[in-house]
Engineer: 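Below: one structure in C-alpha cells.
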Amino acid sequence: MESGQPPHFLWNRGDEEGRHYWRRLGEEKISIRQNAAGEMQASPGHAKHASKLLRAGDDLEKIYSTIAAEDAVMARAIEKFRGMRLTKSGEWETLVSFLCSQNSNMARIRNNVQMLLRDGSVLAPEEILQLPPMQLKKINLGYREQYLLASAAMVAGGEFDLPGLHGLSCEDARAELQRLPGVGPKVADCVLLYGFGRLEAFPNDVWVGRAMQKWYGVATPRQVKEFAERKWGVLAGYAQQYLFMLAREKLR
DNA sequence: CCCCAGGCACAGC
DNA sequence: GCTGTGCATGGG
C-alpha cells in the first residue's frame with residue numbers, strides 16, 4: 001500500500017494500531033487491514049474488492065522461488081520486503097497517477113492525485129476537461145498539466161480506447177499507450193503492470209536503472225528490457241517492484 | 001538555498 | 001536509431 005504503486009496515491013493509512021488502509025467509494029468507505037495472523041480483512045461486503053486490489057490469487061512463495069533462482073540480489077530484496085504484493089488498480093486512475101509521476105517524487109505525486117479525487121475516485125476524463133483553468137493550476141502539476149489535459153481529451157473524445165487495451169498483446173498495448181501525450185516507455189509499463197495486470201511489464205525508472213546498473217551490470221534501457229525479459233520472463237513486474245524498493249533503500 | 005524527483009518530447013546527429 | 005537538453009515545481 002506504500003510501495004509507490006497506485007494505492008500509495010489513492011488510499012489512506014488509518015491512525016489506529018495495526019496495518020489499516022481505507023478509501024472512500026462514493027457514499028461508503030472501504031477499508032482493509034492485516035490481522036495478527038497476517039491475514040487480509042476487508043470491511044463488510046468488500047472482500048472481493050480487496051482480493052482483486054491485492055491480487056490475492058498470486059502465490060507469492062511460488063513467485064519468489066521463480067524470480068530468485070540463482071539470484072542473490074533478488075533473494076535479498078525478497079528477504080527484506082517479504083509479503084509485498086503487486087496491486088491491481090483501475091485503468092484510468094492508474095494512467096492519471098503515472099501521468100502525474102514523471103520527473104516528480106512520491107509525496108508530490110500523492111498530493112497531485114489526491115487533488116484530482118472527488119468522492120474518493122479520480123475525476124473522469126470529461127470532468128478533468130471541465131475543470132476551470134484556475135482550479136487546475138492549483139493542483140500544481142507543473143508542465144504535466146498539459147499532458148493530463150491532452151490525454152484526457154483523447155480518451156473522452158473516443159480517439160483512445162483505454163479498456164480496449166485488454167484485448168491487445170502486451171507489446172501492442174504498450175505501443176498504443178505511447179500515443180498518449182506524456183506517456184513514454186516507463187509510464188506505459190507502469191499502466192500495464194498496475195492498471196492492466198500485465199505482470200511481464202518492467203517499468204524502468206531511475207531507481208530500477210541504478211539497481212540494474214550496480215547489481216546486474218546492465219546499463220542501457222534496451223539492455224535492461226532484454227535482461228529482465230530473459231531473466232524473469234512473465235514475472236518481471238514482480239522482480240521490478242522488489243528491485244525498486246531495495247534500490248530506494250540501498251542506493252539513496 | 002540546493003538538489004533531485006517512479007520521464008518525456010523534441011532537436012540534432 | 002541514439003544522445004543531449006529543457007522542463008515547472010514541490011519535497012527533503
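Please read all numbers here as calculations on a predicted model, not as lab measurements. Below, chains carry the letters A, B, ... as their sequence lines are ordered, and counting in each starts from 1.
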Engineer: Over how many whole Å does the gap from A:R248 atom CZ to C:dG11 atom C1' extend?
Structural biologist: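 Roughly 12 Å, once rounded to whole Å.
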Engineer: Around atom NZ of A:K225, are there more than 12 heavy atoms from other residues, nucleotides or ligands closer than 6.0 Å?
Structural biologist: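 Result for NZ/A:K225: open.
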Engineer: Would you kindly give the CD-to-C1' distance between A:Q102 and C:dT5, to the nearest whole Å?
Structural biologist: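 Rounding to the nearest Å, CD of A:Q102 and C1' of C:dT5 are 14 Å apart.
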Engineer: More 5' along DNA chain B: A:F9 or A:G182, using each one's nearest nucleotide?
Structural biologist: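 Closest to the 5' end, via its nearest nucleotide, is A:F9.
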Engineer: How about A:R252 and A:W207: do any of their side-chain heavy atoms sit closer than 4.5 Å?
Structural biologist: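 The answer is yes, as the side chains (C-beta and beyond) meet within the 4.5 Å cut-off.
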Engineer: Please confirm whether the ring centroid of A:Y242 lies under 6.0 Å from the ring centroid of A:Y64.
Structural biologist: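 Between A:Y242 and A:Y64, the centre distance is under 6.0 Å.
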Engineer: Between A:R24 and A:D119 (salt bridge meaning N to carboxylate O under 4.0 Å), is one present in this structure?
Structural biologist: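 Salt bridge flag = yes for A:D119 with A:R24.
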Engineer: Within a radius of less than 6.0 Å around CZ of A:R13, do more than 12 heavy atoms belonging to other residues, nucleotides or ligands occur?
Structural biologist: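 No, CZ of A:R13 has 12 or fewer neighbouring heavy atoms, counting only those of other groups under 6.0 Å.
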Engineer: Is the shortest distance from a Lys or Arg side-chain nitrogen in A:E226 or A:R222 to a carboxylate oxygen in the other one below 4.0 Å?
Structural biologist: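 Counted as a salt bridge, because a side-chain N and a carboxylate O are separated by less than 4.0 Å.
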Engineer: Have a look at A:R252 and say if it touches a base, only the backbone sugar-phosphate, or nothing, with a 4.0 Å heavy-atom cut-off.
Structural biologist: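 No contact at all - A:R252 keeps every heavy atom at 4.0 Å or more from the nucleic acid.
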Engineer: Fit a plane to each ring of A:Y216 and A:W232, take the angle between them on a 0 to 90° scale, and name the class: parallel (under 30°), tilted (30 to 60°) or perpendicular (over 60°).
Structural biologist: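 Judged by the thresholds at 30° and 60°, the geometry between A:Y216 and A:W232 is perpendicular.
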Engineer: Using a cut-off of under 3.5 Å, enumerate the N/O to N/O pairs linking the protein to nucleotides 10-13 of chain B.
Structural biologist:
none

Engineer: Indicate, with a heavy-atom threshold strictly under 4.0 Å, whether A:G4 touches base, sugar-phosphate, or nothing.
Structural biologist: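 Answer is base: heavy atoms of A:G4 come under 4.0 Å of a base.
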Engineer: Look at A:R174 together with A:E171 and state whether they make a salt bridge at an N to O cut-off of under 4.0 Å.
Structural biologist: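 A:E171 and A:R174: not salt-bridged.
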Engineer: Quick check on contacts: within residues 133-164 of chain A, what sits under 4.0 Å from DNA chain B by heavy-atom distance?
Structural biologist: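 Within this stretch, A:Y143, A:Y147 sit under 4.0 Å of the strand.
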Engineer: What is the distance, rounded to the nearest whole Å, between atom CZ of A:F98 and atom P of B:dC8?
Structural biologist: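 To the nearest whole Å, that distance equals 11 Å.
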Engineer: Find out if a path of hydrophobic residues (ILVMFWY) with successive side-chain heavy-atom gaps under 4.5 Å connects A:W22 to A:F9.
Structural biologist: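 No, because A:W22 and A:F9 fall into different hydrophobic clusters, even though each may have its own neighbours under 4.5 Å.
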Engineer: Assign A:Y194 to base, sugar-phosphate, or nothing according to its heavy-atom contacts below 4.0 angstrom with the strands shown.
Structural biologist: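 Base: the residue A:Y194, judged by heavy atoms under 4.0 Å, touches a nucleobase.
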Engineer: Using the P atom as the point on both nucleotides, what is the distance between C:dG6 and B:dC3, in whole Å?
Structural biologist: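 Straight-line distance between the two P atoms is 16 Å.
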Engineer: Indicate, with a heavy-atom threshold strictly under 4.0 Å, whether A:S3 touches base, sugar-phosphate, or nothing.
Structural biologist: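 Answer is base: heavy atoms of A:S3 come under 4.0 Å of a base.
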Engineer: For DNA chain C, which residues of residues 103-113 of chain A approach it to below 4.0 angstrom with any heavy atom?
Structural biologist: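 The stretch gives A:N103, A:N105, A:A107, A:R108, A:N111 as the residues lying under 4.0 Å from the strand, ordered by number.
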Engineer: Sub-3.5 Å donor-acceptor pair from the side chain of A:K88 to the main-chain atoms of A:G195, do we have one?
Structural biologist: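 Yes: the side chain of A:K88 pairs with the backbone of A:G195.
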Engineer: What is the separation between atom CG on A:L180 and atom P on B:dG7, rounded to the nearest whole Å?
Structural biologist: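 So the CG-P distance, A:L180 to B:dG7, works out to 18 Å.
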Engineer: Is a side-chain donor-acceptor pair under 3.5 Å present for A:H20 with A:Q34?
Structural biologist: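 No, no side-chain donor-acceptor contact under 3.5 Å.
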Engineer: Using a 4.0 Å heavy-atom cut-off, does A:Q241 contact any base of the nucleic acid, only the sugar-phosphate backbone, or nothing at all?
Structural biologist: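 If one applies the 4.0 Å heavy-atom cut-off, A:Q241 turns out to touch a base.
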Engineer: A:D205 CG to B:dC4 P: how many Å, rounded?
Structural biologist: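 Taking atom P of B:dC4 as the reference, CG of A:D205 is at 16 Å.
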Engineer: If the P atom of C:dG11 is compared with that of B:dC8, how far apart are they to the nearest Å?
Structural biologist: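 About 22 Å, rounded to a whole number of Å.
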Engineer: Got a salt bridge between A:E61 and A:R82, using NZ or NE/NH1/NH2 to carboxylate O under 4.0 Å?
Structural biologist: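 Yes, A:E61 and A:R82 are salt-bridged.
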Engineer: Taking B:dA9 as the reference, what is the distance to C:dG10 when you measure between their C1' atoms (whole Å, please)?
Structural biologist: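 After rounding to an integer number of Å, I get 22 Å for this pair.
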